[in-house]
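What follows is one structure encoded as structure tokens, with my remarks underneath.
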Protein chains: 2
Amino acid sequence: MNRNENSAVAAPAAGRKPVVPRRALRDGVYDAILERLLDGSTPPGSSLGIDSLARELEVSPTPVREALVQLEHTGLISRVALKGYRVAAPLSSEQLAELFDMRTILETAAVERAVSQVDDLVPELRAAHARQVLCAHRVRKLRGADGRPTDFSDLREYFAADWEFHLTIIRASGNRFLLKTAESLSAHVHRLRQTADHGTTDLEQAVDEHAAILAAFESGDPERPLVAMREHLAAVARRVSAAG
Amino acid sequence: MNRNENSAVAAPAAGRKPVVPRRALRDGVYDAILERLLDGSTPPGSSLGIDSLARELEVSPTPVREALVQLEHTGLISRVALKGYRVAAPLSSEQLAELFDMRTILETAAVERAVSQVDDLVPELRAAHARQVLCAHRVRKLRGADGRPTDFSDLREYFAADWEFHLTIIRASGNRFLLKTAESLSAHVHRLRQTADHGTTDLEQAVDEHAAILAAFESGDPERPLVAMREHLAAVARRVSAAG
DNA sequence: ATTGAATAGATCCTATAGGGTCTATGATCC
DNA sequence: GGATCATAGACCCTATAGGATCTATTCAAT
């Protein structure tokens, strides 16, 4: 999610970002817990004790508490007052369908609005896609005879590049609310990736489909990017639900 | 927003709501601060001191801190680490256009998905509209010679009924992510209402346009609700930006 | 007069302690 | 044997205190 350019700190809902992001302790705690949630080390249903986390992270309960409140709105954890926080259950098949339906709503709308800015978009999209291809190559190269990558950090980087491709289009829509909503959905998307570790298998397909989207934007036809994006999201949804 | 059926407490991202919502102190603080933000008693730019709020609300800083973290994600307040919280500036004309663009994206998508459930939807929509008409009548009756309503609680009720009409359609879409996103946007929508107090003047128009949407659903034509909703949102956007 | 540093106040951030609630275990009664 | 109640432990929730940071004012120097 947003770990590099931190949108939580100094979140200017209507202002410019500070050149040097000022971070309090609670922001670091937020990242640490998010990391645990996304790499799957905390199974769904397990309780997130405030005191436990504070001891493990060697901080006081107060920043932990704030980080959990912030995490609550992502849907990755659920809270019951006077009972505590728990890791949210993985998305059901219905919720999964709803998630990709929502992504289709948002990202097709983004494409519709991005076609008018195609001149600014295409270079950025080319760069984003190039980075993804590079990461994909690195992952493909490293995975040995077992077919699974040895270094997960490369996989993480690939996922980030993949998602960045989508974000580039959404940013080009010029709608801040659209972007913010898509970012809030990214947590679920990322968690899906590690749950279904087939993420390594559909790597080439995703790269190809992104290439198709890029080519569609380059064509100048305002309709082609729409169908390309729709097909890509449908294909991803198919692959994800097939693994479930 | 969600003050009656509290979605913050015991938020089951994938579960049933508890029959009796368990509330901690921080939930009440959240409501209290939200109230202050929406009724305009705290002008944009004013700082929200944690200790100050704690003294005024007669609680300790900790629950105030948690409530502020929760409010931060609504966009109504902005935070700068090590500096504090401030009431966010009102939406600029561009942001306002983006907000209504986003609403159009979400609500037209909701309409598209709701038409398949039209049999379940129409009765609920009729009831919601009836409540809105009732509230509108009450407001219209009460406002005296000065043309402004004397009791603001009636106006609040009308706004709630208006928004409930939209929520009813969005719920019928069956997409939880869509619903959640719309709810998170409601804070901005409600703040707009009180900022531009012309909310009392376009009361009849809004009721009429809602009636048109309802009639469109009743017609059975799947296209008519779409255009009715689009026109309604465009009309609201026009009225809002005209007052700005 | 303007710039610069230094000080004081306020505020945020973090840590620690105590009260209240919930869950679980074990004993008692029917 | 099953159910009810009591007790103990863990945890959440709230309150208070101290350290760190920022802003504003004041004063001195150029």
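Below, chain A is the first sequence line, B the second, and so on; all start at residue 1. Because the structure is predicted, anything quoted here is derived from the model rather than measured.
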Figure out the [atom1]/[atom2] separation between [X] and [N], and round it to whole Å.
X: B/L68; N: C/dC12; atom1: CG; atom2: C1'; result: 12 Å
X: A/R86; N: D/dC12; atom1: CZ; atom2: P; result: 10 Å
X: B/D27; N: D/dC12; atom1: CG; atom2: C1'; result: 13 Å
X: A/L25; N: C/dA15; atom1: CG; atom2: P; result: 6 Å
X: A/R65; N: D/dA15; atom1: CZ; atom2: P; result: 12 Å
X: B/E72; N: C/dC12; atom1: CD; atom2: P; result: 14 Å
X: A/R79; N: D/dC11; atom1: CZ; atom2: P; result: 18 Å

Using the test ring pair (Phe, Tyr, Trp, His ring centres under 6.0 Å), find all partners of A/H166 that sit at least two apart in sequence or belong to another chain.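 Ring pair (Phe, Tyr, Trp, His ring centres under 6.0 Å) check on A/H166 returns A/H210, A/H232.
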Contacts of type ring pair (Phe, Tyr, Trp, His ring centres under 6.0 Å), residue B/H188, not counting sequence neighbours: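 Expected list: A/F177.
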Just to verify, which of B/L76, B/L38, B/L185 counts as forming a side chain to side chain contact (heavy atoms under 4.5 Å, CB included) with B/H190?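 Only one option passes, and that is B/L38.
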For a quick test of your reading: what N or O donor-acceptor pairs under 3.5 Å do the side chains of residues 81-89 of chain B make, sequence neighbours left out?
unit_1	atom_1	unit_2	atom_2	d
B/R86	NE	B/G45	O	3.0
B/R86	NH2	B/G45	O	2.7

Going by the rule side-chain contact (heavy atoms from CB on, under 4.5 Å), which residues pair with B/A182 if we only count those two or more places apart in sequence or in a different chain?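 Checked B/A182 against side-chain contact (heavy atoms from CB on, under 4.5 Å); matches are B/I170.
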Polar atoms only, N or O, under 3.5 Å: list the protein pairs with nucleotides 19-21 of chain D and their distances.
none

Atom pairs under 3.5 Å: protein N/O with N/O of nucleotides 6-9 of chain D:
none

Check side chain to side chain donor-acceptor pair (under 3.5 Å) between B/S41 and all other residues, then give those that pass, not counting sequence neighbours.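 Here the qualifying residues are B/D39.
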Among all residues two or more places apart in sequence or in another chain, which pass the side chain to side chain donor-acceptor pair (under 3.5 Å) test with B/D120?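 Not a single residue meets the side chain to side chain donor-acceptor pair (under 3.5 Å) criterion with B/D120.
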Considering heavy-atom distances to DNA chain C, does B/K83 or A/T62 have its closest nucleotide positioned more toward the 5' end?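 Result of the comparison: B/K83.
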Which parts of residues 45-57 of chain B get close to DNA chain C, meaning a heavy atom less than 4.0 angstrom away?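 Of all residues in residues 45-57 of chain B, the ones placing a heavy atom under 4.0 Å from DNA chain C are B/L48, B/G49, B/I50, B/D51.
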Looking at A/S60, I'd like to know whether one of its side-chain N or O atoms comes within less than 4.0 Å of OP1 or OP2 on C/dA15.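 It does, given that an N or O in the side chain of A/S60 lies less than 4.0 Å from OP1 or OP2 of C/dA15.
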Show every salt bridge (Lys or Arg N to Asp or Glu O under 4.0 Å) that has at least one partner inside residues 49-60 of chain B, sequence neighbours left out.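 Listed once each, the pairs are B/R36-B/E56.
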Any pair counted as salt bridge (Lys or Arg N to Asp or Glu O under 4.0 Å), so long as it reaches residues 97-106 of chain B, sequence neighbours left out: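 Salt bridge (Lys or Arg N to Asp or Glu O under 4.0 Å) check on residues 97-106 of chain B returns A/R113-B/D101, A/R176-B/E98, B/R103-B/E107.
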Does the pair B/E164/B/R131 count as a salt bridge with the N-to-O cut at 4.0 Å?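 No.
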A/A24 side chain: which of C/dC13, C/dT16, D/dA15 is closest?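 My answer, after comparing the listed nucleotides, is C/dC13.
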Pairs touching residues 51-79 of chain A that satisfy ring-ring contact (aromatic ring centres under 6.0 Å, His included), sequence neighbours left out: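 Residue pairs with at least one partner in residues 51-79 of chain A: A/H73-B/H73.
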